[in-house]
There are 2 protein chains.
Amino acid sequence: MSNAQAVKRSASKAEGDERHEAIYRAVSDAIVEQRLKPGARLREDALADVFGISRTGIRKILQRLALEQLVTLTPRRGASVTRPTADEAKDVFDARQLIECGLMPDVARRMGEKEAAELRDMAKRERQALRNGEQSVAIRLSADFHVRIAQLSGNATLAAFVESLCSRSSLILAVYGHPGHLGCESHDHDDLIGYLEAGNGERASAFMSRHLKAIEASLSMVEEEESAPDLHQIFGG
Amino acid sequence: MSNAQAVKRSASKAEGDERHEAIYRAVSDAIVEQRLKPGARLREDALADVFGISRTGIRKILQRLALEQLVTLTPRRGASVTRPTADEAKDVFDARQLIECGLMPDVARRMGEKEAAELRDMAKRERQALRNGEQSVAIRLSADFHVRIAQLSGNATLAAFVESLCSRSSLILAVYGHPGHLGCESHDHDDLIGYLEAGNGERASAFMSRHLKAIEASLSMVEEEESAPDLHQIFGG
DNA sequence: GCTTGTTTTATTGTATACATTGAGCCATCC
DNA sequence: GGATGGCTCAATGTATACAATAAAACAAGC
């Protein structure tokens, strides 16, 4: 609520583009922070009311979210928060393995004191959020951490891919993760910074690989049955 | 022309979604085939007229193309075909190195006779197009080849990334490539199929790496000067 | 003659009205 | 009594009208 109102208020002076960007982030963050859970419907009228713009702008934002696979747009049914399938989850984590690990050498090479300090600060804030029981915040900070590291590689294109993958990972954790158990172990991130700061791309890559494997292994990959059991399948139609 | 009219005609019966998809592909193909050159303006009215739908639908399509970095949307100025910078070009080819090469082992593992035959057919058609002087068609077939291989890895997410990267590569070739010289050597693709069919992911990966490096090396990475030279810079403002 | 300020025009940004369609509900028929 | 058909409602898809703005053409002054 306060989030939406803040956006609405600041919108009066801001230009249209910034307003749209702010609304986009507000919705995106709500999804990544799992305050909007997979399957939740996102009606255009409702969003338009909340943010004080017309449906036209909302549709633009929903489309953008749909292209990032954060929301699913079913024709004539509208938008809902994407519920990733088990296959998609595997694809996403395989992709993260390939890209994030492959980026480590470049990151290690470009790592300076300033960057290391920034990452340590992010890791610290993440731990604090965890201690304070702010699960939503911690989830987002964890994703931000991975994205920031990818950005440090200097390759904006791959960083954008990682950003998309991290957002989707949050959705995957919401569906297949155990409640209360976050994906990333908190000390993992600090260890990773150490390897990167030492310029050891190889070790950082191997560590990142284990880190991602650990997250994936913590998931319980059971496809949820449909709310209304499919009688055709049961009775062998 | 005939392309647009074909879309327009088939649209009368097709559902709205399919029509949009067809128009999207028509524009996307025109860009990838370099019939629409970087910098070309894409006015909403004009596109709406050509394809027989309102600006609303066109804007949706332009947004999608913008998110794939094929068109650039400047506020109040409208859409134009993206003119990649040298930095972006480097990012794209580095990303292709990482992803496409990393995918080769998986592709080699899943490669069957059927898949190999399909790829050989694509490579053959590409050579034919080259012989017939159909440069636009050859460019697209070459991109399609790389995308199809990525799809054979079984990872839809990474395949989508590769698709985006290949489209952007076509734009890069249009700006920095030498006219008449296509990116991919024609026999390269056949060689690659051989390694993949033999299940030799390592060699395929190494070959793909050289293949991509060769394309990148063939570019002349000179940033075009602005049409109106910047007097401030020249006279040290 | 070149620069600068103004008007005009062309193009995008936004909202709203209308059409379309899927879902839920109710009545009727079997 | 249950199921099917039609009806109503709610939500999205599409187009168009209006507003805002940047580029361009033009005119006036230096």
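Every chain is numbered from 1 and lettered A, B, ... according to where its sequence line falls, protein lines coming before strand lines.
- Comparing atom distances between the Arg76(A) side chain and each of dT16(D), dG13(D), dG13(C) picks out dG13(D) as nearest.
- Of the possible donor and acceptor atoms, none in the side chain of Arg96(A) sits under 3.5 Å from a partner among the backbone N and O of Asp91(A).
- Contact annotation: Lys60(B) does not reach the phosphate of dG13(D) (side-chain N/O to OP1 or OP2, under 4.0 Å).
- Comparing Thr74(B) and Arg55(A), the nucleotide of DNA chain C nearest to each residue sits closer to the 5' end for Thr74(B).
- Checking Gln128(A) against Arg125(A) by side-chain atom types alone, no donor-acceptor pair falls below 3.5 Å.
- Among the heavy atoms of the strands lying under 4.0 Å from Arg77(B) are primed sugar atoms or P, OP1, OP2 only; no base atom is included.
- Remark: Arg140(B) engages Asp144(B) in a salt bridge, criterion side-chain N to carboxylate O under 4.0 Å.
- No side-chain donor from either of Ser153(A) and Arg110(A) sits under 3.5 Å from a side-chain acceptor of the other.
- One atom, CD of Glu44(A), and another, P of dA10(D), lie 17 Å apart when rounded to the nearest Å.
- Phosphate proximity of dT12(D) to Arg43(A): absent, as no side-chain N or O sits under 4.0 Å from OP1 or OP2.
- The listed nucleotides are dT12(C), dG13(D), dA15(D); the one nearest the side chain of Arg59(A) is dG13(D).
- The distance from atom CD1 of Ile53(B) to atom P of dG13(D) is 14 Å, rounded to the nearest whole Å.
- Closest to the side chain of Ser54(B), from the set dG13(D), dA15(D), dA15(C), is dA15(D).
- In this structure, CD1 of Ile58(A) is placed 15 Å from C1' of dG13(C), rounded to the nearest angstrom.
- The nucleotide whose nearest atom lies closest to any side-chain atom of Asp45(B) is, among dT14(D), dT12(C), dG13(C), dT12(C).
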